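First up is the structure itself, then whatever we jot down about it.
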Amino acid sequence: MDRLKNDGEGTVPEPQKNGQTNTGNNKGMPEKRAENAEKDKKDEGLLLAIDGAKIKFNAHLGEFKVLSDVPTTQDKLTGTIIEKQVANFTFYDGFKMIALTEWQDYGTVKVQDNYVLLKKSTLPGTGKLPGNIPPETGKIEFVTSGQINEPESIDAKGAPVPDQKDDKKCFCDRDLEIEDFIKIGISQKNAEKFKDSLNLTFINYNITTCIRKLHFLAQIRHESGEFIYEEEIWGPTKTQLGYEGRKDLCHKLKGDGKRFLGRGLIQITGRCNYTSYTNYKKNKGVDIDFTKEPDNKKMGKIPYSVDSAGWYWSEKLEVNLNDYADKDDIIYITYRINGGFNGYIEDRKPKLIKMIKNSVECKNSKYVSYDKYSVKNSKCWKSQDAIYKYAQLSTDESKISYQQYLDLTADYLDWASIKGWEKNPQKKKNKIKVEAKREKAKQKIK
C-alpha cells in the first residue's frame with residue numbers, strides 16, 4: 001500500500017514580503033481552526049489503525065504495535081487483522097492481555113491479503129493486572145488511529161477507500177444490538193441484560209454467522225425458559241434427590257447433588273461437567289474453580305451462565321454444534337442439547353422459524369431446511385437411539401421413523417453389546433430393551 005497523501009500539516013510556512021505568514025491560503029485563523037475542527041470529525045471508516053495508535057481496554061490505556069512486515073502509512077506500519085497477539089498491545093499500567101479472539105468491524109480493504117484495521121475496529125478478549133487480581137473481559141479499542149494527518153479523502157495514489165459494510169444487513173461477524181434482539185423476539189429487558197455476554201460468547205465460541213446465532217438462541221431460549229432460569233430451581237424433587245451419589249455425574253461427596261445442580265442457560269449439571277468447564281477456562285486464563293463453593297454458583301450468573309452455554313455448544317460435546325447449525329439441522333442439535341426432543345415441536349422449532357422470519361437478509365447463511373425440517377435430512381436418521389426418540393413425537397414422520405429404527409436394529413443380535421447375551425446378564429438386559437422397542441415400533445407402523 002502506498003503512503004497516504006500528506007495534506008501539508010506539519011510543514012514550515014514560507015515568510016511573505018509583507019511579514020505575514022503564508023498558510024497555503026488566505027483564510028484567517030478562526031476559519032482555519034474551524035476547518036481543522038471539521039477535519040477532526042472524519043468518518044472513522046476512513047482512518048487506518050497504524051503502529052503507535054493509542055488504545056484502551058476498559059480503563060487501561062496503552063499503545064498498539066504492528067509486528068508484521070506490511071506497507072506503511074505516513075511512515076508507520078499499517079495494522080491488519082493478523083495483529084492480534086499479546087505482544088501487539090502494551091498498557092501503561094502493566095495490564096496484560098491473556099486471551100484474544102477475532103477483530104471486529106474492520107472493513108474490506110486488504111494489504112498482502114489481510115484486511116486492514118480501521119480506527120473503529122475492536123478486539124474482544126481477556127486480560128489482567130499483575131498480582132492476585134481477577135481477570136477482566138472487554139474489548140481493545142483504538143483511541144486514535146495513529147495517523148499524523150487524518151485525511152479528508154484518500155485518493156488513488158494513497159490507500160484504497162474502504163468499502164463501507166452495511167452492518168445492518170445481517171448478523172454475521174458483528175455484535176447484535178438491542179434492536180436486533182428485539183426484532184427476533186427477545187424482550188428488551190432480556191436484551192439489555194444479556195446483550196454483552198451473548199456477543200462475547202458468540203465471539204469466543206465461533207458462533208459468528210446468522211444461522212449459528214439463531215440456532216444457538218433457539219436452544220438457550222428454550223432451556224432457560226426465555227432467559228428466566230440461569231439456575232435450576234431446587235425442590236428438591238424426586239429427580240433432584242437422585243443426583244446424589246450418581247457416578248455418571250462424578251458425584252462422590254455428600255451434597256454434590258445440590259452443589260452441582262443445573263446452572264447456566266443450558267443447565268450444566270454434575271461435578272464432571274463443572275470440572276471440565278473449570279479446566280477449559282483455566283486454559284483460557286480464567287483462574288476460577290467452579291467445583292469449589294461459593295464459585296460453583298458463578299455458573300448460574302452472568303457472564304458464566306452464558307459462556308458455559310457456548311462452551312457446551314462447541315467444546316464439551318464430541319461434536320461442534322456450529323457444524324450442524326451450518327447444515328440447519330435443528331433436529332440433531334435438539335437431540336444433543338436435550339438428549340431427546342423435549343420442547344422440540346411446541347417451542348424450539350417454532351422459535352427458530354420465527355427468528356429466521358424476523359431476522360434480516362443474510363449473505364452467508366442458507367436455511368436449507370427452513371420450515372420443512374425433516375428427520376430424513378438430519379444426522380438423527382442414522383442414529384437408532386435418536387430416531388426412536390424422534391418417532392415418539394406426534395408428527396407425520398412418526399411411522400417412517402419407527403420403520404427406520406427397525407431397519408437400523410435389524411442386526412441387533414450381532415451387536416457387541418448383545419452378542420453372547422446367554423452368558424452375560426447385562427447383555428441380556430440390553431437385548432430385552434431393544435426387543436421391547438422393536439415390538440413397539442412394529443405395532444406403531446401397522
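Only a predicted model underlies this, so the values are computations on that prediction, with no experimental measurement involved.
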_Note: Asp307-Lys281 ion pair, threshold 4.0 Å (strictly below)_ = yes

*Apply salt bridge (Lys or Arg N to Asp or Glu O under 4.0 Å) to the pair Lys301 and Glu230, showing each step before the final yes or no.*
CA-CA 7 Å; Lys301 298 177 182 178; Glu230 294 177 82; over 6 Å; no

_Taking the ring of Trp311 and the ring of Tyr205, is the distance between their centroids below 6.0 Å?_
no

*Under 3.5 Å, side chain of Ser401 to main-chain N/O of Ile387, donor-acceptor pair present?*
no

*asked:* One thing to verify: whether Lys252 and Glu244 come together as a salt bridge, which I'm taking to mean a side-chain N less than 4.0 angstrom from a carboxylate O.
replied: no

_Ionic contact status for Asp329 with Lys327, cut-off 4.0 Å_ = no

*When Phe202 is tested against each of Thr209, Thr101, Val306, Ile207 for side chain to side chain contact (heavy atoms under 4.5 Å, CB included), which residue passes?*
Ile207

*Does a salt bridge link Arg212 with Asp326, judged by any charged N lying under 4.0 Å from a carboxylate O?*
yes

*Any sub-3.5 Å donor-acceptor pair from Arg221's side-chain atoms to Leu352's backbone N or O?*
no

*Thinking salt bridges, do Arg336 and Glu318 make one under a 4.0 Å N-O criterion?*
yes

_Salt bridge flag under 4.0 Å for residues Lys351 and Asp347_ = yes

*So, are Lys110 and Asp113 salt-bridged, with charged N and O less than 4.0 Å apart?*
no

*So, the side chain of Asp256 versus the backbone of Leu253: is there a donor-acceptor pair under 3.5 Å, distance only?*
yes

Can you give me every donor-acceptor pair (side chain of residues 49-57, partner residue at least two apart or in another chain, under 3.5 Å) with its distance?
| from | atom 1 | to | atom 2 | distance (Å) |
| --- | --- | --- | --- | --- |
| Asp51 | OD1 | Val66 | N | 2.8 |

*How about Cys272 and Cys250: are their SG atoms under 2.5 Å apart?*
yes

*Does any N or O in the side chain of Thr278 come within less than 3.5 Å of the main-chain N or O of Phe290, such that one atom is a donor and the other an acceptor?*
yes

_Under a 3.5 Å distance rule, please check whether Thr409 uses its side chain to pair with a backbone N or O of Tyr412 as donor and acceptor._
no

*Within the distance-only criterion (no hydrogens, no angle test), does the side chain of Glu232 pair as donor or acceptor with the backbone N or O of Lys258 below 3.5 angstrom?*
no

*Examine Lys316 relative to Tyr312 and say whether NZ or CZ is less than 6.0 Å from the centre of the six-membered ring and inside a 45° cone about the ring axis.*
no

*Lys139/Asp196 salt bridge by N-O under 4.0 Å criterion*: no

*Taking 4.0 angstrom as the limit, do Glu136 and Lys128 come out as a salt bridge?*
no

*asked:* Taking Thr291's backbone N and O only, do any of them form a donor-acceptor pair with Arg271's side chain (distance below 3.5 Å, no angle check)?
replied: no

*Does a side-chain N-to-carboxylate-O contact under 4.0 Å join Glu315 and Lys284?*
no

*Check Leu118 against Phe142 and note the closest heavy-atom contact, atom names and distance.*
O-CD1, 3.7 Å

*Could you list the residues that satisfy salt bridge (charged side-chain N to carboxylate O under 4.0 Å, His left out) with Asp328, not counting sequence neighbours?*
none

*Taking 4.0 angstrom as the limit, do Asp295 and Lys298 come out as a salt bridge?*
yes

